[in-house]
Amino acid sequence: MPDKMAKNFDFKEAESRLYRWWEENGWFKPETAPADAEAFVISMPPPNVTGALHVGHVLFTTVEDVMIRYERMKGKAALWVPGTDHAGIATQLQVEKLLREEGTSRHEIGREAFLARTWEWKEKYGGEITRQLRRLGASCDWDRERFTLDDGLSNAVRDVFVRLWEQGLIYRGTRLVNWSPGLQTAVSDLEVEREEENGKLYFFKYPVEGGEYLPVATTRPETILGDTAVAVHPEDERYRHLIGKKAFVPMINREIPVIGDAYVDRAFGTGALKVTPAHDFNDYEIARRHNLPMINIMNPDATLNAEAGAYVGMERFAARERLWADMTAQGITLRVQDHTMVVPRSQRGGEVVEPMLSMQWFVKIKPLAEKALEAVRSGQITIVPERFEKVYYHWLENIEDWCISRQLWWGHRIPAWHGPNGEIHVGTTPPPGDVTGWRPDEDVLDTWFSSGLWPFSTLGWPEQTPDLRRFYPTTVMETGYDILFFWVARMIMLGLWFTDQPPFTTVYLHGLVRDKFGRKISKTLGNVIDPIEIVDQYGVDPLRFALVTGSTPGNDINLDTARVERNWRFVNKIWQMANFVTQNLEGELPPGVPPHTTLDLPSRWILSRLNRLIATVTRLYDTYQYGEAGRQIDEFIWGEYADWYIEMSKHPLYQGTEEEKQQVRRVLVYVLDQCLRMLHPFMPFVTEEAWQYLPHQGQALIVAQWPVSDENYLDDEAERQMSALIDLIRGVRNVREEYNVEPSRKITAWVTGTAAVDAYRHLFARLCNVSEIRVMAVGENPPGESASVAVGDTTLYLPLADFIDLQAECERLGKEQARLEQQVSKSKAMLNNEGFTSRANPDVVAKEREKLASLDAALAQILDRLRQLCP
RNA sequence: GGGCAAUUAGCUCAGUUGGUUAGAGCGCACGGUUCACAUCCGUGAGGUCGGGGGUUCGAGCCCCUCAUUGCCCACCA
């Protein structure tokens with residue numbers, strides 16, 4: 001590293017260098033901390049292997065990295081376990097697409113070749129996402145990286161499956177499931193999206209024996225072919241007499257009963273309902289109540305099967321039209337009307353999902369859900385923000401059995417074998433003995449089945465590894481609220497069931513990243529924000545800071561790149577501060593700061609502010625209010641340290657004695673050092689790089705100690721005095737601006753009152769170009785044509801005869817008077833209110849009195865001046 | 001049909017046990033080449049905190065209600 005800082009921070013060069021350096025030194029590993037240090041563990045939500053980095057990844061990486069870096073600096077054994085997810089459907093789709101482009105298909109090349117191709121694909125692209133996570137500064141322990149299809153994790157998956165089977169919590173059966181015809185697999189309820197769409201409601205006559213008919217309405221006429229009953233409400237006067245009679249399925253004339261069931265809403269449609277148990281969830285329930293047969297009329301690709309009679313082989317929507325036309329020809333249709341309805345669509349691809357009867361594997365989930373509910377209810381696990389606990393309860397209290405089998409190839413194969421006589425063997429190995437005629441189960445497990453084990457499978461479970469003992473349960477699960485059910489709830493259920501411990505103690509949920517207008521980011525909207533592009537342009541730190549300071553837990557964040565740009569300037573500002581400080585050092589500097597009593601006012605002030613800030617920021621970090629923490633540090637370091645303290649430090653630095661120089665250098669270094677520490681979790685790169693140039697102990701900021709607030713440096717009096725000085729300086733600047741006094745023109749100020757104006761006259765010279773301060777004698781008259789600035793009991797008179805227009809000054813003072821009077825009267829009203837003085841916190845009352853005294857003093861002086869100047 | 005969130009300056013957002021004059025950044029206006037930084041500095045304009053009601057000495061914050069927007073859950077053919 002060069003001795004002198006470069007003029008600007010070269011983030012491109014520094015980011016990769018520092019990251020490598022940190023990693024090579026093993027600082028991402030929990031072993032950095034002493035062996036007996038408390039553990040702090042996060043399991044990274046594994047991104048999809050084939051996924052491309054998007055801003056959502058940046059958000060979670062940043063938040064988790066902030067947590068990890070903070071806890072690491074607090075001395076904990078911080079472990080962040082990274083990894084990737086095989087993402088069954090998503091990945092399989094990508095490879096299938098590739099095959100299509102090559103003019104072949106998975107069915108053509110067969111299962112084995114397909115899997116080989118998918119692994120190839122994974123090897124090729126799977127590293128990309130983790131490479132990108134490194135660019136973001138993620139300080140995770142790459143030696144512990146896992147992939148959901150690793151041997152160890154696959155063992156865990158098989159183990160869990162077998163145990164659940166042995167416990168009677170996994171069963172196989174024919175149930176009505178959501179079927180995706182395109183993917184040709186079952187999908188879970190969570191993978192189905194329901195949206196209102198404009199559809200049609202078809203009314204027709206259901207022929208009933210005796211020549212009558214029942215008017216019926218449906219949104220999906222093709223399902224008529226699978227009807228096994230027509231239902232009416234048992235008390236419906238119109239149709240009651242038909243219950244028990246036979247009806248006939250149109251076109252195929254199958255005989256079905258008319259039944260009575262209270263589920264039927266008499267007011268909707270015609271008040272009569274066709275029942276298609278194999279293709280509708282409600283009808284399925286009705287059929288179970290009435291013991292009706294269930295006729296599946298569809299093939300896996302949603303073409304109609306032999307049950308559909310003449311319509312066999314037709315695609316479902318074509319069959320709909322054709323059947324309706326045929327029924328119309330037969331004169332049994334009534335009308336078609338527009339109808340908004342809820343259409344279930346696949347989360348992937350968006351095709352219409354078909355409820356279909358099929359043989360699947362399920363987990364009997366209620367017993368697991370009970371434990372998961374209890375863990376949150378009892379406070380063993382807390383969810384941040386708290387409001388999501390209610391959502392969590394509601395879902396788990398109404399949970400349905402989990403369909404875990406998928407008719408895909410990419411994933412964990414279900415550890416089951418089917419015997420020649422329909423026997424089922426579930427085990428980690430094939431059935432013992434003669435296995436002729438046995439075949440392995442074809443299905444794979446839902447991706448979320450393996451991710452549900454993530455917090456403990458990544459640590460070696462079911463083996464009792466040292467990592468598992470040391471780092472499980474983990475501490476925080478940080479992820480998006482959109483996968484609370486998919487993932488978080490399942491981890492809690494499976495974690496409690498198999499390890500008897502909650503897999504983590506806190507769930508921290510972040511929101512979705514949207515564009516600056518609050519719109520969802522999507523390719524079709526064309527508002528995709530490519531994080532790599534931003535990072536190339538501004539560096540990682542500004543983007544990280546924008547995401548963290550622009551959001552609060554659980555709420556979506558609208559990312560405005562203007563914020564990133566502003567933070568890029570903030571990074572430069574930090575660099576320049578460090579540059580200034582280092583340039584003004586000379587010789588050896590003792591660490592720490594001089595004792596409080598030996599310091600000048602600005603130093604006492606900045607150290608008081610700093611120590612207050614440390615306490616606040618630490619509290620904010622501890623309560624997950626990272627955004628507020630970041631903003632506070634930002635405001636302090638730019639608004640107080642750079643704008644005021646650095647400016648004020650120039651006096652002792654350039655004109656002070658050797659001792660004064662040394663004092664202010666120590667404070668400058670110390671305050672910046674402490675700020676860099678607090679800022680490091682947010683902006684790891686610029687802070688580390690700048691810190692290296694400051695005098696420091698220890699090798700690196702990443703493993704430096706988190707600041708501790710020192711109460712000895714809290715100094716109310718210094719803060720009061722400085723704040724008065726600052727207000728006075730601002731007042732002078734304002735006067736100069738209003739009267740267009742050239743910035744270079746030195747002016748004189750006459751002063752009355754007790755503020756430290758005289759002692760710190762050099763500040764006025766430097767900060768508002770007041771070259772001379774004249775302390776007025778008691779009773780002395782102020783200069784005539786002058787502007788005045790009053791703060792508390794101190795007034796500065798600025799004789800500016802050439803600039804001041806008396807009338808303008810009177811107006812200015814009048815405005816000031818009005819402002820003060822308004823505040824005084826408000827304050828007086830408060831203090832005269834018996835309710836306030838007797839009930840409010842005494843501190844608050846005392847503060848209010850103080851404030852009133854100060855306002856009163858200032859007002860009195862303004863009034864005096866008005867009397868003198870403006871008759 | 002239930003539930004949750006949001007609504008604060010032109011824009012994007014803060015404001016967590018109710019208590020100074022409601023803040024920041026961007027944008028805007030004006031002014032600045034002296035020794036960290038023009039990726040900067042200074043000054044300023046800009047807000048009935050969505051509407052209404054209530055609790056309280058005191059409400060952006062708590063309660064009720066309405067409105068708008070977004071999201072989640074839900075079996076209406």
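In what follows, chains are A, B, ... by sequence order, proteins preceding strands, each numbered from 1.
- At the heavy-atom level, A/D643 lies under 4.0 Å from the strands shown only through sugar-phosphate atoms.
- If you take CG of A/D634 and C1' of B/A14, they are 12 Å apart, rounded to a whole angstrom.
- Looking at A/E848 and A/S827, their side chains do bring a donor and an acceptor atom within 3.5 Å of each other.
- Within the nucleic acid shown, A/R839 comes within 4.0 Å of at least one base atom, counting heavy atoms only.
- The interatomic distance linking A/R619 (CZ) with B/U16 (C1') rounds to 8 Å, in whole Å.
- If you check every strand for non-hydrogen atoms under 4.0 Å, A/N572 touches a base.
- For the P atoms, the distance from B/C11 to B/U17 is 28 Å, rounded to whole Å.
- Comparing A/T270 and A/L559 along RNA chain B, the residue whose closest nucleotide (by nearest heavy atom) sits nearer the 5' end is A/L559.
- Nucleotides B/A74 and B/G51 are separated by 35 Å at their P atoms, to the nearest Å.
- Residue A/G627 is classed as having no contact, given no heavy-atom separation below 4.0 Å to the nucleic acid.
- Straight-line distance from the CD1 atom of A/I557 to the P atom of B/A6: 15 Å, rounded to whole Å.
- The local environment of NE2 in A/H394 is sparse, with at most 12 non-hydrogen atoms from other residues, nucleotides or ligands closer than 6.0 Å.
- For the residue pair A/N567 / A/D541, no side-chain donor-acceptor distance below 3.5 Å is found, with atom types taken as modelled.
- Between A/R266 and A/D236 there is no salt bridge, since no side-chain N of the basic residue sits under 4.0 Å from a carboxylate O of the acidic one.
- Separating the CD1 atom of A/I729 from the P atom of B/C41 is a distance of 17 Å, rounded to the nearest angstrom.
- One C1' atom belongs to B/C4, the other to B/U12, and the distance between them is 23 Å to the nearest Å.
- Centroid-to-centroid, the aromatic rings of A/F682 and A/F545 come within less than 6.0 Å.
- The distance between atom OH of A/Y393 and atom C1' of B/C73, rounded to the nearest whole Å, is 17 Å.
- Interface remark: the A/Q625 side chain does form a donor-acceptor pair with the B/U16 base, using a distance-only criterion of under 3.5 Å.
- Of the side-chain N and O atoms in A/K650, one or more sit less than 4.0 angstrom from OP1 or OP2 of B/A36.
- OP1 or OP2 of B/C73 has not a single side-chain nitrogen or oxygen of A/Y481 nearer than 4.0 Å.
- In this model, the phosphate group of B/C40 is not approached by any side-chain N or O of A/W568 to a distance below 4.0 Å at OP1 or OP2.
- Taking atom C1' in both B/U8 and B/C61, one finds a spacing of 12 Å when rounded to whole Å.
- Between atom CD1 of residue A/I383 and atom CZ of residue A/F388 there is a gap of 9.0 Å, rounded to the nearest 0.5 Å.
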Pair assignment for RNA chain B - dot-bracket with | for other-strand partners, Watson-Crick or G-U under 3.5 Å: (((((((..((((.....[...)))).(((((.......))))).....(((((..]....))))))))))))....
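- Side-chain atoms of A/E737 and base atoms of B/G44 include no donor and acceptor less than 3.5 Å apart.
- Summarising the geometry, the separation between CD1 on A/I726 and C1' on B/G42 is reported as 14 Å, rounded to the nearest angstrom.
- Between the side chain of A/E647 and the base of B/A36 there is at least one donor-acceptor pair of N/O atoms closer than 3.5 Å.
- A/F685 has its ring centre no less than 6.0 Å from the ring centre of A/F11.
- Taking atom P in both B/U20 and B/G60, one finds a spacing of 10 Å when rounded to whole Å.
- A/N555 comes within 4.0 angstrom of sugar-phosphate atoms only, judged by non-hydrogen atoms across all strands, and of no base.
- Distance from the side chain of A/R563 is smallest to B/U12 among B/U21, B/U12, B/C71.
- Within 6.0 Å of the CD atom in A/E821, the count of heavy atoms belonging to other residues, nucleotides or ligands exceeds 12.
- A/A642 comes within 4.0 angstrom of a nucleotide base, judged by non-hydrogen atoms across all strands.
- A/Y263 comes within contact range of at least one nucleobase, with a heavy-atom separation under 4.0 Å.
- Among the nucleotides B/U21, B/U43, B/C75, the one closest to any side-chain atom of A/K851 is B/U21.
- Within 4.0 Å of A/F281, counting heavy atoms only, lies no atom of the nucleic acid at all.
- Ranking B/C4, B/U39, B/C73 by closeness to the A/L190 side chain, first place goes to B/C73.
- When heavy atoms are screened at a 4.0 angstrom cut-off, A/D265 is found touching base atoms of the nucleic acid.
- For the side-chain hydrogen bond (donor to acceptor under 3.5 Å, both in side chains) test, no residue two or more places apart in sequence or in another chain qualifies with A/R194.
- Residues that satisfy the side-chain hydrogen bond (donor to acceptor under 3.5 Å, both in side chains) test with A/E850, not counting sequence neighbours, are A/R720.
- Side-chain nitrogen and oxygen atoms of A/K573 include none within less than 4.0 Å of the OP1 or OP2 phosphate oxygen of B/C40.
- Spacing of P atoms, B/C75 relative to B/U16, comes out at 38 Å, to the nearest Å.
- Contact annotation: A/H394 side-chain N/O to B/A74 OP1/OP2 distance is not under 4.0 Å.
- In this structure, A/R566 reaches the sugar-phosphate backbone alone: every heavy-atom distance under 4.0 Å involves primed, P, OP1 or OP2 atoms, never a base.
- Nucleic acid contact class of A/T552 (heavy atoms, under 4.0 Å, all strands): sugar-phosphate only.
- Listed pair A/N584 / B/A36 fails the phosphate criterion, with no side-chain N or O lying under 4.0 Å from OP1 or OP2.
- In terms of phosphate contacts, A/R766 brings no side-chain nitrogen or oxygen within less than 4.0 Å of OP1 or OP2 of B/U34.
- Straight-line distance between the C1' atoms of B/U43 and B/U48: roughly 27 Å, to the nearest whole Å.
- The phosphate of B/U21 (OP1 or OP2) has a side-chain N or O of A/K826 nearer than 4.0 angstrom.
- The distance between atom CZ of A/R730 and atom C1' of B/U21, rounded to the nearest whole Å, is 14 Å.
- Counting to the nearest Å, the C1' atom of B/G31 and the OH atom of A/Y739 are 17 Å from each other.
- Contact annotation for A/H279: no contact, since no heavy-atom pair falls under 4.0 Å across all strands.
- Using a 4.0 Å cut-off, some side-chain N or O of A/R733 falls inside it from OP1 or OP2 of B/U43.
- Looking at heavy-atom distances under 4.0 Å, A/E628 makes contact with sugar-phosphate atoms alone, never a base.
- For the pair A/D727 and A/A267, nearest-nucleotide mapping onto RNA chain B gives the more 5' position to A/D727.
- Side-chain contact check for A/L679 versus A/F570: some heavy-atom pair is nearer than 4.5 Å.
- Taking the centre of each ring, A/F204 and A/Y206 come in below the 6.0 Å mark.
- If you take atom P in B/A59 and the same atom in B/C71, they sit 35 Å apart, rounded to whole Å.
- Residue A/R736 is classed as having no contact, given no heavy-atom separation below 4.0 Å to the nucleic acid.
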